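Just so it is clear, the model here is predicted, and its values are computed rather than measured. Chain A is the first sequence line, chain B the second, and so forth, proteins listed ahead of strands; every chain is numbered from 1.
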Protein chains: 2
Amino acid sequence: MPNKMKLSDADLLSLFHADPDFQTNFTPRHYARKTLVYSPFEEKNLVFVVRSGRLRIYLAYEDKEFTLALLEKGDVFSTHTPAFVQALEGTEILVCSTATFGQALARRPELSLTMVKVLGELLQNSIQTIEGLAFKDVRLRLVDFLLGAAADRGRVTAEGTVVQLGLGTEDIALLIGTTRQTISQIINDFIKSDLLQKIDRKTLLIKDLEAFQEMKEIS
Amino acid sequence: MPNKMKLSDADLLSLFHADPDFQTNFTPRHYARKTLVYSPFEEKNLVFVVRSGRLRIYLAYEDKEFTLALLEKGDVFSTHTPAFVQALEGTEILVCSTATFGQALARRPELSLTMVKVLGELLQNSIQTIEGLAFKDVRLRLVDFLLGAAADRGRVTAEGTVVQLGLGTEDIALLIGTTRQTISQIINDFIKSDLLQKIDRKTLLIKDLEAFQEMKEIS
DNA sequence: CTCCAATTGTCGGCTTGCCGACAGACCGCA
DNA sequence: TGCGGTCTGTCGGCAAGCCGACAATTGGAG
């Protein structure tokens, strides 16, 4: 079950250790919290791996935004896509231009499989997103998100599943394609129905996971 | 400007002529009008090229559908994506399983570039779609569609640009992510404003292309 | 501890677009 | 030339969710 919170499992980092020579193609870069890493207007295309921190991939149009994905340590991304990339916190990435990456590809053909894999996952992710936007209402999209987050980073306790989202209401809204207010509304509905509970600003306790599963199944 | 009506320019067909040996990996198949070519439940992944006819790539959920793309002669597609593929009319395609395609890739590395290109275009297309669904209302999405279609298959005449869509109202609705009724509504608004005119059921005359361009620019 | 800034909750009005229903138009076919 | 099936136009009611406004809460920084 692919998930917005994790873009790619292709473990490129291990490749670095296997072939240190290969690593020389990549140059490390640092970005401070909230700075722009890449904008679709730039000509250069890049391939990069996240070494630490968190990044946000998003679309912008007029004064609206939509978050496509969040990247964490180990995730791979290619700016084949006309989207913005922003550091959410202090972040270090290893960059390579697609040009030189292409050359590396030629020398080590098995790399192209990695490339195809990454693009494939990106594509999968987008289609998932389209499905959400085209077919599901906000409530259901939120449920999907919660289930995904739970599966991905949930810690099971006696009370239920604790999920450290690391995201505020607004952030969730951007990820789901709606407004802060609507998310707030729905989450509090869930809390009133005793399905959810707030641990602190950015972490939730899912008290009844099955209930959510069912909402997902039964239309 | 990428367009829903045309998925890929990667001219794989020419490769066939260049290397007839390569062609033996592909087996031709015929499909009758309205038959299902591929469903996401199948295990097998495929790569194929359209030789004649038209195909529709779509998502389905409960009793709704959403058309991701239409394919025509020369277009390449890979079922890396969990979507349905349906023949809109009598159609012939050349199929290859991704497995054997992978082997071919190994032998002819330059092919992987084609693969990356195809996936990249698919991705581009998806993101375009997400942008539409997330940011634009139906009217604007329709305008985008019309402009794209005009650029792609429009014939310029004294009256304006004639576009043979080959699609009915319902088909357009599925492509845009709305209902038949809403499309009908908006198109007739445009006709009343003298921006559009119906030639016959499936072809339109765009009388004022610039007006549409402007609607697109100015929010 | 206190205060400020940012985040979150809540409300009502308003718009978009869905849905069901039905009427009319069109097309191929016998 | 009439018939049946399909496609298209149009209406009214209705629900989802956006938006602006404002209040309440919270968490840090000093």
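Taking a 6.0 Å sphere around CD of Gln213(B), one finds it holds more than 12 heavy atoms contributed by other residues, nucleotides or ligands.
To the nearest angstrom, P of dT16(C) lies 13 Å from CZ of Arg141(B). Taking atom CD on Gln181(B) and atom P on dG13(D), their separation rounds to 17 Å, with Å as the unit. Here dT26(D) presents its P atom at 14 Å from CD1 of Ile199(A), a figure rounded to the nearest Å. The distance from atom CD of Gln185(B) to atom P of dC18(C) is 12 Å, rounded to the nearest whole Å. Here dC19(D) presents its P atom at 12 Å from CD of Glu62(A), a figure rounded to the nearest Å. A straight line from CD of Glu170(A) to C1' of dA6(C) spans 11 Å, rounded to a whole angstrom. The CD1 atom of Ile191(B) sits 11 Å away from the C1' atom of dG9(D) (whole-angstrom rounding). One interatomic measurement links the two molecules: CD1 of Ile183(B) to P of dT16(C), which rounds to 16 Å at whole-angstrom precision.
Contact annotation: Thr182(B) does not reach the phosphate of dT16(C) (side-chain N/O to OP1 or OP2, under 4.0 Å). For the pair Thr169(B) and dC7(D), the criterion of a side-chain N or O lying under 4.0 Å from OP1 or OP2 is not met. The phosphate of dC18(C) has OP1 or OP2 within less than 4.0 Å of a side-chain N or O from Thr178(B). Taking side-chain N and O atoms only, Asn188(A) has a distance below 4.0 Å to OP1 or OP2 of dT10(C).
Taking 3.5 Å as the limit, the base of dG9(D) and the side chain of Arg180(B) contain a donor-acceptor pair of atoms between them.
Among the candidates Leu94(B), Val85(B), Asp75(B), the single residue satisfying the side-chain contact (heavy atoms from CB on, under 4.5 Å) test with Phe48(B) is Val85(B). Screening Thr91(B), Val50(B), Ile93(B), Val76(B) for a side-chain contact (heavy atoms from CB on, under 4.5 Å) involving Leu71(B) leaves a single residue, Val50(B).
Rounded to 10°, the angle separating the first-five-pair axis and the last-five-pair axis of the helix from dC1(C)-dG30(D) to dA30(C)-dT1(D) equals 40°.
Taking 4.5 Å as the limit, every side-chain heavy atom of Thr157(B) sits out of range of all side-chain heavy atoms of Thr161(B). Under the 4.5 Å side-chain criterion, counting only non-hydrogen atoms from C-beta, Ile57(B) is in contact with Phe77(B). Put simply, the side chain of Thr35(A) does not reach to within 4.5 Å of the side chain of Gln86(A), judged on heavy atoms.
Both Arg201(A) and Lys64(A) lie close to DNA chain D; mapped to their nearest nucleotides by heavy-atom distance, the more 5′-ward contact belongs to Lys64(A).
Among the atoms of the strands shown, none is found under 4.0 Å from any heavy atom of Arg139(A). Backbone-only engagement by Thr179(B) is indicated by non-hydrogen atom pairs under 4.0 Å involving sugar-phosphate atoms exclusively. Contacts of Lys198(B) with the nucleic acid, taken as non-hydrogen atoms under 4.0 Å apart, involve only primed sugar atoms and P, OP1 or OP2.
Closest to the Ser184(A) side chain, of the nucleotides dT10(D), dG17(C), dG9(C), is dG9(C).
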Steps toward side-chain hydrogen bond (donor to acceptor under 3.5 Å, both in side chains) verdict (Thr129(B), Ser126(B)): CA-CA 5 Å; Thr129(B) 303; Ser126(B) 316; over 6 Å; no

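Judged purely by atom type and a 3.5 angstrom limit, Arg201(B) has no side-chain atom pairing as donor or acceptor with the backbone of Gly168(B).
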